[in-house]
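Everything numeric in this text was worked out from a predicted model, so none of it was measured. Throughout, protein chains are lettered first and strands after them, A, B, ... in sequence-line order, and every chain is numbered starting at 1.
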Number of protein chains: 2
Amino acid sequence: MRKIGGFALWSNDGEPITVPHSCFAERLGDYITLTESETTALTRLEERPRDLRRGTILLREHDPMAELFILQRGMAMSYVLLDDGSRQILRFLFPGDMLAVSALVYRDSPETIVAMTDLTVCPFDRTLMAGLLTEHPRLAAVIMVMNQMEKVALTDRLAALGRTSAKVRVAALLLEIRNRIRLTGQAATTDFALPLTQEEIGDATGLTAVHVNRMLRQLEEDGLIARGAGRVSFTDETALLRAANYVNRFDGLDLRWLPPAR
Amino acid sequence: MRKIGGFALWSNDGEPITVPHSCFAERLGDYITLTESETTALTRLEERPRDLRRGTILLREHDPMAELFILQRGMAMSYVLLDDGSRQILRFLFPGDMLAVSALVYRDSPETIVAMTDLTVCPFDRTLMAGLLTEHPRLAAVIMVMNQMEKVALTDRLAALGRTSAKVRVAALLLEIRNRIRLTGQAATTDFALPLTQEEIGDATGLTAVHVNRMLRQLEEDGLIARGAGRVSFTDETALLRAANYVNRFDGLDLRWLPPAR
DNA sequence: CGATCCCTTGATGTACTTCAATTTGCGTGG
DNA sequence: CCACGCAAATTGAAGTACATCAAGGGATCG
């Protein structure tokens, strides 16, 4: 029996069979060629797939954390609530992302994580991470690299919030979402389904839903995007990239320092 | 002869003697008790201290990177420039911080790093990091923990820029700077030297220098802070913490998952 | 077929910016 | 020690990009 989206097979007697597939391994494979031993170790992080409905809260701010997760299918987001009730969306999460990494540091979660679509996640214990780092130093290094890339992505957004106009922020968010969707393997060319409400776009960019609406209209009037039926297409991607001050952080990598595989 | 601030001794014939001291080890010591072998490994990162004058640019955005640094003495900041000439300060850097970690990922620097005071830094090669991760998995884990804490600090600032008023942002920045200064061992109680111009405060908080000035004045009129001669003191720290929505990210740690020391 | 959520558009308010001028503080050279 | 030069701080006045408030319209779902 094939578990849809779970990438795990069940034998006839209901015993799970580990399949040599791991979303996280696939992601790491973008940066290095994994050894068999490394792949095996990574597969252990995804032995317990769990399906969640859209809207499910995976983790709540201030709640105690026990586990980390690998996101296998669907899209999620993390956010914080401020005491005036406003929300800041911190990050959008896609297949291959590691979720709730703060569980490696904090007893209680600094953020809420919620499923934006139906989801498959694989929870795993923190101690697995300890073993992984010990047995596979090269994986430790690549995970560190990916963390650093996320930090740079956060500083990009910080600069956008601090120093760019509403229109630019919205444009940059659209580009980011499209690029992340494209990386999941879907051949999203110029046209893609935008799984965000305008309120969510606002909560990610520090704007109100009303103003997001006007900025989307302006981008449309400027001939940069077209919209319809929950989809967005980039009608002039070059101009959009320029307007959004976009830097592709997947370019210009240099990982030659990595330790040897084990 | 003692090299002021450099934490290195020179023997009479001018040969440097490695001293069992490392700012980075001291920082890690806040989280774990280091073994002798770990301390020795960390000390190798700080064998080449280098003094820099205030204003020196340690690294320029888009320039190729070769090395990482440990900051031993002084204060620095990192920032990006946008194409309209505006600046976003990303991070303030204090003794014990690791600088230019992006060199583990990118060929060219995504940010500029500049000395805000006279500085001592120790450059070290990326390959040293590879060896460190391989030989000392527990250090790999703790470095990962520190990276994660920095990510949470960035999301805190993201939420501040996206969803809080100018006054709150300035108050939060003052608290952050004071707490970081205090962590360096200086017994900064309520009164501390603020080594930032109002323009720099603005570039960190996404405001203009003019408005920063007005917000500082308001905080003063509200009885939350007092100012004079480049110094700031918190006259009502409780109220300031509340107003700034401050969360101490050094509390509530849980590192029980760490692998054993080697 | 109503309920609900999201999108859309207009009118008004305001927090912050921009521009401009003056003052304060401080290192530097005479 | 004083005079100068310059960066930083300060304050006022006017502009603007965004928020807020309010109302209506379209799609989806039980």
Problem - Donor-acceptor contact present, side-chain Q198(B) to main-chain V210(B), <3.5 Å - result: no
Exercise for the section: For dT8(C), take OP1 and OP2 only and decide whether either is under 4.0 Å from a side-chain N or O of R227(A). Expected result: yes
Practice task
Just report the end-to-end axis angle for the helix from dC1(C)-dG30(D) to dG30(C)-dC1(D), five pairs per end, to 10 degrees.
Solution key: 40°
Exercise for the section: Take the protein atom CG of D203(A) and the nucleotide atom C1' of dC6(C), then report the distance between them rounded to whole Å. Expected result: 14 Å
Practice task
Take atom CZ of R180(B) as the centre, draw a 6.0 Å sphere, and report whether it contains more than 12 heavy atoms from other residues, nucleotides or ligands.
Solution key: yes
Problem - Donor-acceptor contact below 3.5 Å, side chain D236(A) vs main chain G223(A) - result: no
Exercise for the section: Would you classify G206(B) as touching base, sugar-phosphate or nothing, given that sugar-phosphate means primed atoms plus P, OP1 and OP2, and contacts are heavy atoms under 4.0 Å? Expected result: sugar-phosphate
Problem - N/O donor-acceptor pair under 3.5 Å between Y106(B) side chain and R249(A) backbone - result: yes
Exercise for the section: To the nearest 0.5 angstrom, please state how far the OG atom of S78(B) sits from the CG atom of L93(B). Expected result: 5.5 Å
Practice task
Would you kindly give the CD-to-P distance between Q198(A) and dC7(C), to the nearest whole Å?
Solution key: 4 Å
Handout entry: Atom pair distance, as rounded to whole Å: CD in E199(B) and C1' in dT17(C)
Key = 14 Å
Handout entry: Separation of dG25(C) C1' from L194(B) CG (nearest whole Å)
Key = 16 Å
Completion exercise
R231(A) CZ to dC7(C) P, in whole Å, measures 16 Å
Exercise for the section: Return the residues of residues 207-214 of chain B meeting this criterion: a heavy atom under 4.0 Å from some atom of DNA chain C. Order them by number, or give none. Expected result: L207(B), T208(B), V210(B), H211(B), R214(B)
Problem - Polar side-chain atom of T197(B) near backbone of E200(B) as donor-acceptor pair, under 3.5 Å - result: yes
Handout entry: Spacing between E220(B) atom CD and dT11(D) atom C1', to the nearest angstrom
Key = 15 Å
Handout entry: Backbone N/O of L194(A) and side chain of R231(A): donor-acceptor pair under 3.5 Å
Key = no
Problem - Geometric cation-pi criterion, R87(B) with Y79(B): 6.0 Å, 45° - result: yes
Completion exercise
Correct closest heavy-atom pair for L216(A) and I225(A) would be O-CD1, 3.9 Å
Exercise for the section: Rounded to the nearest angstrom, tell me the gap between atom CE in M116(B) and atom P in dA7(D). Expected result: 17 Å
Problem - Exam field: side chain R178(A) to backbone L173(A), donor-acceptor pair closer than 3.5 Å - result: no
Exercise for the section: Using a cut-off of strictly less than 4.0 Å between a heavy atom of the residue and any atom of DNA chain C, enumerate the qualifying residues of residues 156-175 of chain B by number. Expected result: S165(B), A166(B)
Exercise for the section: Please answer whether the main-chain N or O of G74(A) pairs with a side-chain N or O of T117(A) as donor and acceptor at a distance below 3.5 Å. Expected result: no
Practice task
Please state how far atom CE in M215(B) lies from atom C1' in dT14(C), giving the value in whole angstrom units.
Solution key: 12 Å
